[in-house]
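Below you'll find the structure, written out as structure tokens, and then a few comments.
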Amino acid sequence: MATGAQDLRRMLDELGRISDERGRLTRTFLSPAMRRANARVATWMRSVGLNVREDATGNLIGRLEAPRSGAKTLLLGSHLDTVRAAGRFDGALGVLLPIVALGELRRRGVALPFAVEVLGFSEEEGVRFSSAYLGSKGYTGQLRAADLKLRDAGGVSVRQAMAAWTRGAPTAELRSAAARAPRPQQWLGYLEVHLEQGPVLEAKRLAVGVVSAIAGQTRGRLTFCGQAGHAGTTPMALRRDAFTGAAEWALAVETLARRSSPLVATVGAVVVAPGAPNVIPGEVVLSLDVRHPDDGARRDALRRLIADAKKIARRRGLTCEWQVTQDNGAVSCSVPFTDLLAQSVRAVQRRSLALVSGAGHDAVVMAALTPVAMLFVRCREGLSHHPDEFASPADLNVALRVIVDFLTRLAGHEKI
Ligand code: GLV
Ligand code: MN
Ligand code: MN
């Protein structure tokens, strides 16, 4: 199977060069690079016998029918969008590895008794609209009116972006996608392979591990408003500087998270307006991302942080407004499905380790409708959301062997 792992590396490298930005990997929801990425991944899907379609949310779907009609469908996938200045593995690995695994089974002449869909979700990172999982929500019919109204930095709404995307796509494929409402009762489950994005597997000297649960996550925007004014003539005591209020709050976020492990909280984006060296900031919009494996603890922390923001705003003569853009509870992976995956892990690397994922994954949305399992692959120095993100060829080979074993095992288990 070493040649399969080499193919996988080549595909990851090539996909990692399809970017919206020169010199670094950035591929956001429904962007021009996303269209090129879908086209390239579609050729790889077709090369292993999948029928490919794209839905109105820009998801790429490669389907392999079962030998017998009426058989259930196993879903395998992850996302094809990226963060800004991303690595090559986050998301892409979980789309490309199943394609290579299915190619391997085809070479061996193994016909699975169930249908398979390989899913390349168009949006998981929440970069363009500050709200994650738009791709998997679209695929499963969970996109709500509020999601469609979200706007990007240029004022374009999700609805407008989807309309523009579908105008550029082959209409016959879209029509067939529209006709295909999700039928979760027909699904066997959803399996996602993903880079660990953390240091645990490396510390335990294991190539892969299974995920037991995914931490809950809230994201939102906090806007501080003060009074813009002249930086040379307004005395310090008379200022209502929105940025210094925002900075004080960002430190409060860090302080709370530092003393509330395993809570993690991040202010990752800040927009200062009007944004000139000689103008006092009149408005600042900050992003906040809060995660915890326990939903109650996450909600408590969030309440506390919003209260802190109001207190800081009052003291500084500012106003502040909080807007939630995403809220997901913690998700448990399916026990029987994960047990089966752990058997495959043990068959390949002898020992299986269960991990909790601090990162969000498409499996969070899929879990609302079908049993989910996840395989994590060791990540060098735990580094992710970074161009140097790396999984070794040897580890990719282990992951590939595990998934081939899992598909074979599931075929044996499933009375279809
Ligand atoms: C996705 O990468 C996330 O956890 O933010
Ligand atoms: Mn990811
Ligand atoms: Mn990511």
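Whatever order the structure lists ligands and atoms in, that order sets their numbers, starting from 1. Reckoned from all heavy atoms, side chains included, excluding hydrogens, waters and symmetry mates. As the structure is a prediction and not an experimental result, all values here were calculated from the model.
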> Crowded around Arg151 CZ? As in, over 12 foreign heavy atoms under 6.0 Å?
Replying inline: yes
>> According to salt bridge (Lys or Arg N to Asp or Glu O under 4.0 Å), does anything in residues 204-223 pair up with another residue at least two apart or in another chain? List the pairs.
In response: Arg219-Asp289
>> Holding to side chain to side chain donor-acceptor pair (under 3.5 Å), I want the full list of residues that pass it with Arg88, two or more places apart in sequence or in another chain.
In response: Asp13
> Glu65 and Arg63: salt bridge (charged side-chain N to carboxylate O under 4.0 Å, His left out), yes or no, with the steps?
Replying inline: CA-CA 6 Å; Glu65 293 300 342; Arg63 184 171 173 89; 2.7 Å; yes
> Protein N, O or S atoms less than 2.8 Å from the Mn ion (ligand 3), ignoring waters?
Replying inline: Asp90 OD2, Glu125 OE1, Glu125 OE2, His385 NE2
> Regarding Ser19 and Arg24, is there a side-chain donor-to-acceptor distance under 3.5 Å anywhere?
Replying inline: no
>> Could you tell me if Arg380 and Ser392 have a donor-acceptor pair between their side chains, going purely by distance under 3.5 Å?
In response: no
>> Checking one value in my table: which N/O/S atom of His194 lies closest to the Mn ion (ligand 2)?
In response: NE2
> Is it true that a side-chain atom of Asp81 and a backbone atom of Arg27 form a donor plus acceptor pair closer than 3.5 Å?
Replying inline: no
> Would a 4.5 Å heavy-atom cut-off, applied to side chains only, mark Val158 and Phe29 as touching?
Replying inline: yes
>> Would you say Arg258 and Thr255 are linked by a side-chain donor-acceptor pair, where the criterion is simply a distance under 3.5 Å?
In response: no
>> Using the rule given for side-chain contact (heavy atoms from CB on, under 4.5 Å), can you reason through Leu102 versus Val118, listing the C-alpha separation, both sets of side-chain angles and the distance that settles it, and then say yes or no?
In response: CA-CA 10 Å; Leu102 290 172; Val118 178; 3.6 Å; yes
Between the protein and ligand 1, are there any N or O atom pairs that come within less than 3.5 Å of each other, and if so, what are their names and distances?
from     : atom 1 : to     : atom 2 : distance (Å)
ligand 1 : 2 (O)  : Glu125 : OE1    : 3.0
ligand 1 : 2 (O)  : His385 : NE2    : 3.1
ligand 1 : 4 (O)  : Arg291 : NH1    : 2.6
ligand 1 : 4 (O)  : Arg291 : NH2    : 3.3
ligand 1 : 4 (O)  : Gly360 : N      : 2.6
ligand 1 : 5 (O)  : Arg219 : NH2    : 3.2
ligand 1 : 5 (O)  : Arg291 : NH2    : 2.7

